[in-house]
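Letters A, B, ... mirror the listed sequences (proteins, then strands); counts begin at 1. Owing to the predicted nature of the structure, the values given are computational and were not obtained by experimental measurement.
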Amino acid sequence: MLELTEVEYRYLGARTPALRGISLRLAPGEVVGLVGASESGKSTLCLVAAGLAPRFIGGTVRGTVMLDGQALGTLPPGEIAGRIGIVFQDPSSSLTGIMSTVFEEVAFGPMNLGLAREEVLARTDEALTALRIEGLAARDPDHLSGGRRQLVVLAGILALRPDYLLLDEPTSELDPAGARLVADAIARLAAAGGAILIAEHKTDLLARLCTRVIALRAGQPALDGAADDVWHNPSLTDLGVDPPTRIRLAILARAAGVDPRRLEAVG
Amino acid sequence: MTTDSGTTTGSAWLRWLIGGLVFIAATIIGALTVDQVSDGTFDPNTGAVMTAANSFALILAIAMLLGSATAFSIEWFQTGRLASISGQFTRRVIVLMPVAIAINIVLGQTVAAALKIPIYLDSIGTILVGVLAGPIAGAATGILANILWAYVIPPPFQYPPAAAFAIVAGVIGIMAGIAGRIGIFRPRPNRSTGQLVIGGLITAGLIIGLGWLASVGYELIFATDITFAPTGGDPLFQVLAWLALVLVLAAVVGVFALLFIRRDLSAAYVAVAGVTTGIVAALISAPIAAGVFGGVTGAGTDFLVAAFRQAGLDIYAATTGQGLISDPIDKTTTFVIVYLILIALAVRFKARFPQGERLLPADEDVGEEPS
Amino acid sequence: MVLATVTALQATLLGGLLGPLVLTGVLVIIPAVVAGVLPRLLRTAALVAAPLAISALLVNFFFTPNGATVLFQIGPITATAEGLRVAVEAAVRIAAITGALTLFYLTVPLGSLVVDLERRGVSPNATFVISSAVRTVPAILVRSAEVTDAQRARGLDTEGSLRRRLRGLLPVIAPVLLGSIAEVEERSLALEARAVARRGTRTLLWWPADSGLERFSRWLMVLSVPLIIVARITGWLG
């Protein structure tokens with residue numbers, strides 16, 4: 001269980017907190033969506049939940065962040081990475097930049113964990129297979145398309161076998177084809193039963209995956225609940241979030257006096 | 001978030017005192033040794049007397065390294081670790097260093113290969129890291145950049161002479177680190193006109209001085225009327241001189257724009273630091289250029305060496321003369337460029353580096369953070 | 001076989017700086033033939049060394065004062081036998097250094113070098129800087145090309161007169177420099193997420209073989225360096 005309780009986070013030197021009153025539980029097998037306008041604190045929340053803030057980027061945090069009953073701040077540096085995985089927006093700056101093959105790139109994390117050589121190889125193979133990119137193993141990661149590169153980054157994180165996976169707008173920097181590639185991969189991971197937190201503004205992707213959705217406004221939770229309730233909440237658009245296409249159509253249809261169920265049959 | 005070790009205790013003073021003593025001792029020993037070696041011996045290659053004066057700066061640099069090494073080993077004995085060194089190598093610095101090295105190599109190689117001007121522009125990255133992270137990190141960047149430049153970078157960007165000048169790059173990094181640490185790169189906006197005029201005068205004086213030195217170099221060239229400028233008015237030379245002038249002018253304009261539009265006094269501080277670093281770099285690199293490469297590096301500065309030699313100077317004096325013209329111009333330009341880069345970077349980005357807080361305006365609040 | 005020269009060459013370089021040039025030539029050419037890279041070696045080395053060597057020849061040949069034996073004169077320029085000797089020496093020295101470095105580059109893949117360094121106890125941080133720097137150089141070039149194209153598409157002149165080209169330079173350099181530097185923060189975070197901060201030993205997946213002969217020759221060369229220095233100082237090799 002990854003559990004944030006009444007978390008308030010303030011960047012170094014900032015006058016107002018970037019996050020306030022955040023409570024969130026991510027249990028095994030759960031897929032939670034995080035929506036909100038840009039600058040609403042989605043990325044910051046991911047950094048705090050991954051233990052990178054405040055440890056690595058400074059600032060101050062109040063409230064508690066607990067990982068399976070231990071306070072995140074008390075764990076030694078480098079240990080959290082093996083238990084909480086985080087993937088950022090831009091795949092090119094998320095690659096190590098030192099590996100000349102996809103295989104070595106993915107193996108980088110397990111190598112850092114100091115695992116036995118066979119274990120590193122096994123985990124790398126497993127991660128590549130899980131994302132169906134075994135065929136890229138010998139390629140240079142710098143010479144791949146954005147979508148494939150993001151899959152390599154994701155595989156590099158999966159090879160660490162984290163219990164919790166935090167995805168910070170993993171498809172926002174990708175072209176439509178790349179975004180679809182990554183979204184399908186995430187859907188398979190979700191179906192396999194991982195605990196995933198996804199920050200996204202593409203709600204269509206979230207609608208496919210999430211059981212629960214949290215909407216942020218100016219660093220504070222504005223909506224929090226079962227996915228369908230949040231999607232249908234009329235104030236969602238006021239937060240700068242477009243509901244998933246399916247639901248938008250349904251709302252429009254209802255407004256136009258058409259039975260939304262007829263639309264479902266079409267779309 | 002200063003990771004600057006925070007060990008400003010009495011023991012820290014002690015180890016730097018001892019380090020300083022070692023530095024002085026090493027300098028004296030070095031000077032004596034060279035004096036003995038060169039005593040009356042003529043260098044068979046050049047027919048010149050290898051004077052101690054020419055090598056003195058090189059000795060100083062080595063003594064400086066020895067002194068720091070002593071201070072750091074004392075720290076290690078005292079505390080069991082090297083916080084003052086490891087504090088300069090945070091993850092961000094480790095990630096910045098390769099970028100800095102690549103910038104050095106790409107710009108340095110472009111200038112060396114494509115432009116025949118008496119500057120190098122191969123230390124922007126070194127100075128950037130030195131200023132952001134500290135002297136040791138700056139030195140490591142400079143040394144590594146030059147070694148990689150010579151050894152492992154693929155041929156279009158391979159430049160064998162670089163490795164020999166690694167120690168010079170290291171010293172440049174140290175100087176930049178010290179400049180950053182004592183707050184020279186801290187913006188000082190909105191200063192009084194009086195201060196700005198003084199700063200402007202000092203800067204103008206330096207620029208005129210440098211220009212005068214450079215013109216001496218050019219005069220030597222044209223007066224001697226040598227192979228590649230047979231008529232004395234070779235259009236190529238005029239173009240090159242003009243090009244060099246424009247680049248240096250850009251930095252000059254930058255300095256005065258900072259001084260009088262942003263009313264930022266630091267521009268003058270930065271220019272002075274650049275000149276100082278340049279002079280030191282020149283004194284150290286001259287013996288290397290003379291001894292290892294017969295005075296040439298295949299770059300645009302070679303014609304200056306040629307000019308000095310033709311004027312009857314021995315090879316050590318010629319390389320020193322070349323360096324004293326090129327290096328201050330180069331380093332001042334580079335320091336100003338780095339200062340402009342630093343201004344352009346986000347405050348929170350800078351603040352997370354070991355010396356980042358020393359690069360922020362003293363009284364300005366750090367702005368709001370986007371998520 | 002490719003790796004036969006890995007570290008041995010580092011010693012060669014030191015020796016090459018110090019003088020016995022023929023020796024260095026032998027140490028460069030023979031391993032190159034063995035490794036089968038001689039043609040490439042000569043081509044690359046010539047490319048790198050030519051401007052340097054020509055410059056060295058000219059400067060020293062024509063501008064060495066105190067030359068007694070005058071060979072010929074062109075205007076104010078006097079060519080002397082002493083100047084020629086200095087010039088040739090400098091050129092040979094440059095050729096030796098370039099040759100050794102090029103051989104090193106041609107025979108040692110970066111990956112092997114870095115893994116070997118790490119296996120010998122060099123900090124992973126240091127090897128990171130080395131491999132990342134080498135991969136960043138082409139990345140910066142690619143980025144410059146992209147920015148240049150983008151600026152050109154927006155009507156910026158990067159060709160034509162010198163003044164125009166100079167004015168075109170700034171909008172190209174600035175985004176490349178600042179973009180590369182700004183990426184540092186993101187990459188640092190991404191690396192933290194890959195457990196780089198963990199203390200303790202890293203697993204290496206492979207490392208290059210190192211035979212007894214290689215070890216022996218390496219030591220031999222390292223030892224030869226102080227010997228050469230001593231020989232130089234005592235006036236043995238002139």
Residue selection (most heavy-atom pairs with chain C, distance under 4.5 Å) from B/V99, B/L340, B/I101, B/I124: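 Most pairs with chain C among the choices: B/V99.
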
Measuring from C/E185:CD to B/L96:CG, what's the distance to the nearest 0.5 Å? 11.0 Å

Could you state the interatomic distance from CG (C/N125) to CZ (B/R91), rounded to the nearest 0.5 Å?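 C/N125 CG to B/R91 CZ: 5.0 Å, rounded to 0.5 Å.
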
Nearest non-hydrogen partners of [X] and [Y], listed with the distance:
X: B/R92; Y: C/V184; answer: O-CG1, 3.6 Å
X: B/A344; Y: C/L178; answer: CB-CD1, 3.8 Å
X: B/P98; Y: C/F128; answer: CG-CE2, 4.1 Å

Under a 4.5 Å heavy-atom cut-off, does chain B meet the side chain of C/I181, its backbone, both or neither? both

Does any backbone or side-chain atom of C/E192 lie under 4.5 Å from a heavy atom of chain B? Answer side chain, backbone, both or neither.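 Looking at C/E192, just its side chain touches chain B.
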
Part of B/I94 lying under 4.5 Å from any heavy atom of chain C: both

